[in-house]
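Everything numeric in this text was worked out from a predicted model, so none of it was measured. Residue numbering restarts at 1 for every chain, and letters A, B, ... go by the order of the sequence lines.
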Amino acid sequence: MNFLNAMETSSSGMSAQRYRMNIISSNIANAQTTRTPQGGPYRRREVVFGALPAPRTFEQELRNRVQPDEPLHAKVLGVATDDRPPVLKFDPSHPDANEEGYVAYPNIDPTEEMVNMMLATRSYQANVASFNATKNMALRALEIGRV
Amino acid sequence: MAKLFDTHFTLLERSLDFRTRRNNLLSANVANLETPGYKSRDMVFEEALGKAMKAQQPGPLRVTDDKHFDGRRATPLELVKPQVITTASPDAALDQNTVNMETEMAKIAENQVAYQALTQIISSRFNKLKLAIREGDR
C-alpha cells in the first residue's frame, strides 16, 4: 500500500538521525579519551548520509522498472573518521605522556558536537511530523463513506 | 440520465491518488534533509488533469463506430499520471542539497489539508447517494 511507503521513508530518516545521534554521543563521551583499542587518542567520527531507493517489492523486480516518483530512503552509508590532529597538552605525570611530557587528547569541539546534536534532533522531529501527516491522511481515508 | 458514479467521481479518486503519491515524495524529501547532493522533488498534476478533462469533450473527427479514433490523442482520466519535477532552489547548500525544511513542511501540511477536503467531498457525495436511496424506501 502507498501510505506505508511514505511511513517507511520517514522512518528511514528517523533511524539515520538516531544513528547519527549515537555517533555524536560517542564523540562527546570520549572527548578526553587517550587510549583506544586501535592505539592513540580517540578520533572524532562522523556519519555519511546517502539517498538510496527503497527496497524493491517482488512486483517491481518482476517488471524491472524504476518509477520516476520512487521515494528515496535516507541511509547511513558509513562512519568516517575525522583526521584532524590531536590536541597536545603538557602533563608529564600522565601515563600516556610522550617523551617531552605532552599528552595527545582528541580534537573534539563541544560546540560543534552540540550544534550537530541539535540538527539531528530537529531533523528527527521533522520526520516525526511528516510521519504524523501521513498517518492523519490514512485515517481520513478510512473515514470515507462513514456517516 | 446521469450515471451513479460519474466523471466527477473519477476526478476525485485520481486527485486522492495524486495527494498520496505527493505525500510519499515529500516525506522522502524530509528524510533526506541532510543527504549531500540530494535534490528536492515535487509533483504536479493540474496540467495533466486539465488536459484529460478537456479530453472528455468530443474530438475534431466524426466517429460513426465505437472503435473509431476521433483524433483527440489524450490520456483518459483514469490513466492520468502526475509529473515529477525537481524543485528549483536558489539557495542550495554547499553540499548541493536543495531540501528546504520549511518549504517541505508547508507543502506536507497543504497536501494533508487538500486530502482531507477531498475525503470530505467524497463522503458527502456518498451520503447524498445514500439519502436518495433511503428516501425512496418510504
Side-chain angles (χ1 to χ4, degrees), chain A residues 1-17 19-20 46-54 66-77 80 116 119-120 122-147, chain B residues 12-13 16-43 45 81-86 95 97 99-102 104-105 107-127 129-131 134:
Chain A
M1 184 170 119
N2 242 330
F3 279 120
L4 295 178
N5 279 346
M7 288 180 175
E8 272 170 20
T9 312
S10 293
S11 62
S12 82
M14 280 189 250
S15 59
Q17 295 301 336
Y19 197 102
R20 184 187 187 192
E46 194 150 14
V47 292
V48 180
F49 290 134
L52 296 178
V66 179
Q67 304 291 329
D69 62 339
E70 190 176 33
L72 295 168
H73 284 197
K75 285 269 184 268
V76 174
L77 296 180
N116 282 337
L119 277 173
R122 296 286 172 246
S123 297
Y124 194 94
Q125 286 171 345
N127 277 301
V128 172
S130 75
F131 188 95
N132 281 334
T134 312
K135 201 175 75 185
N136 280 334
M137 281 170 71
L139 288 174
R140 286 285 167 171
L142 288 176
E143 279 173 21
I144 295 177
R146 199 196 269 178
V147 186
Chain B
L12 289 169
E13 194 190 300
L16 268 185
D17 184 59
F18 159 65
R19 293 290 163 191
T20 315
R21 281 162 187 269
R22 186 163 184 237
N23 182 60
N24 279 353
L25 215 56
L26 296 176
S27 297
N29 286 346
V30 174
N32 287 293
L33 202 59
E34 293 176 67
T35 306
Y38 182 85
K39 300 280 174 249
S40 173
R41 292 181 299 168
D42 200 355
M43 223 174 227
F45 195 35
K81 281 241 162 69
Q83 199 189 345
V84 179
I85 54 163
T86 309
D95 61 359
N97 183 310
V99 184
N100 181 325
M101 177 152 48
E102 289 78 18
E104 300 300 334
M105 295 318 277
K107 278 179 183 172
I108 287 178
E110 179 234 306
N111 202 48
Q112 199 187 346
V113 171
Y115 192 89
Q116 290 182 2
L118 283 166
T119 55
Q120 274 175 22
I121 294 168
I122 293 183
S123 277
S124 80
R125 286 184 67 96
F126 272 128
N127 282 340
L129 281 173
K130 216 174 195 171
L131 183 77
R134 223 186 301 123

Discussion item. Working to the nearest 0.5 angstrom, can you tell me the gap between A:Arg20 CZ and B:Glu34 CD?
Written reply: 4.0 Å
Worksheet item: In Å, rounded to the nearest 0.5 Å, how long is the span from OG1 of B:Thr119 to CD of A:Glu143?
Response: 7.0 Å
Fill in: Nearest non-hydrogen partners of B:Ser27 and A:Thr134, listed with the distance
OG-OG1, 3.9 Å
Worksheet item: Looking only at heavy atoms, what is the nearest atom pair of B:Arg41 and A:Pro71, with distance?
Response: NH2-CA, 3.8 Å
Worksheet item: Heavy-atom distance under 4.5 Å to chain A: side chain of B:Gln120, backbone, both or neither?
Response: side chain
Response to the item:
When the 4.5 angstrom heavy-atom criterion is applied to B:Leu16 and chain A, the contacting part is side chain
Between side-chain atoms of residues 6-16 of chain A and protein atoms elsewhere (two or more places apart, or another chain), which donor-acceptor pairs fall under 3.5 Å?
unit_1, atom_1, unit_2, atom_2, d
A:Thr9, OG1, A:Asn5, O, 2.8
A:Ser10, OG, A:Ala6, O, 3.3
A:Ser10, OG, A:Ser130, OG, 3.1
A:Ser11, OG, A:Met7, O, 3.2
A:Ser11, OG, A:Glu8, O, 2.9
A:Ser12, OG, A:Thr9, O, 2.7
A:Ser12, OG, A:Ala74, N, 3.1
A:Ser15, OG, A:Ser11, O, 3.2
A:Ser15, OG, A:Ser12, O, 3.2

Fill in: Heavy-atom pairs under 4.5 Å with chain A, option from B:Thr20, B:Leu33, B:Ile108 with the top count
B:Thr20
Discussion item. I'd like to know which of B:Met105, B:Arg22, B:Gln83, B:Glu104 tops the heavy-atom pair count under 4.5 Å against chain A.
Written reply: B:Met105
Worksheet item: A:Leu77 versus chain B, heavy atoms under 4.5 Å apart: side chain, backbone, both or neither?
Response: neither
Worksheet item: Going through the distances and angles, do A:Leu72 and B:Thr35 end up as a side-chain contact (heavy atoms from CB on, under 4.5 Å)?
Response: CA-CA 11 Å; A:Leu72 295 168; B:Thr35 306; over 6 Å; no
Worksheet entry | Side chains of A:Phe49 and B:Asn32 in contact at under 4.5 Å (non-hydrogen atoms) | no
Worksheet item: When you look at CZ of B:Phe45, are more than 12 heavy atoms from neighbouring residues, nucleotides or ligands closer to it than 6.0 Å?
Response: yes
Practice prompt. For B:Asn111 and A:Met137, run side-chain contact (heavy atoms from CB on, under 4.5 Å): C-alpha distance rounded to whole Å, both residues' side-chain angles, the deciding distance at 0.1 Å, then the answer.
Written response: CA-CA 9 Å; B:Asn111 202 48; A:Met137 281 170 71; 4.2 Å; yes
Response to the item:
When B:Ile122, B:Leu12, B:Ile121, B:Leu118 are each screened for side-chain contact (heavy atoms from CB on, under 4.5 Å) with A:Ile144, the one that passes is B:Ile122
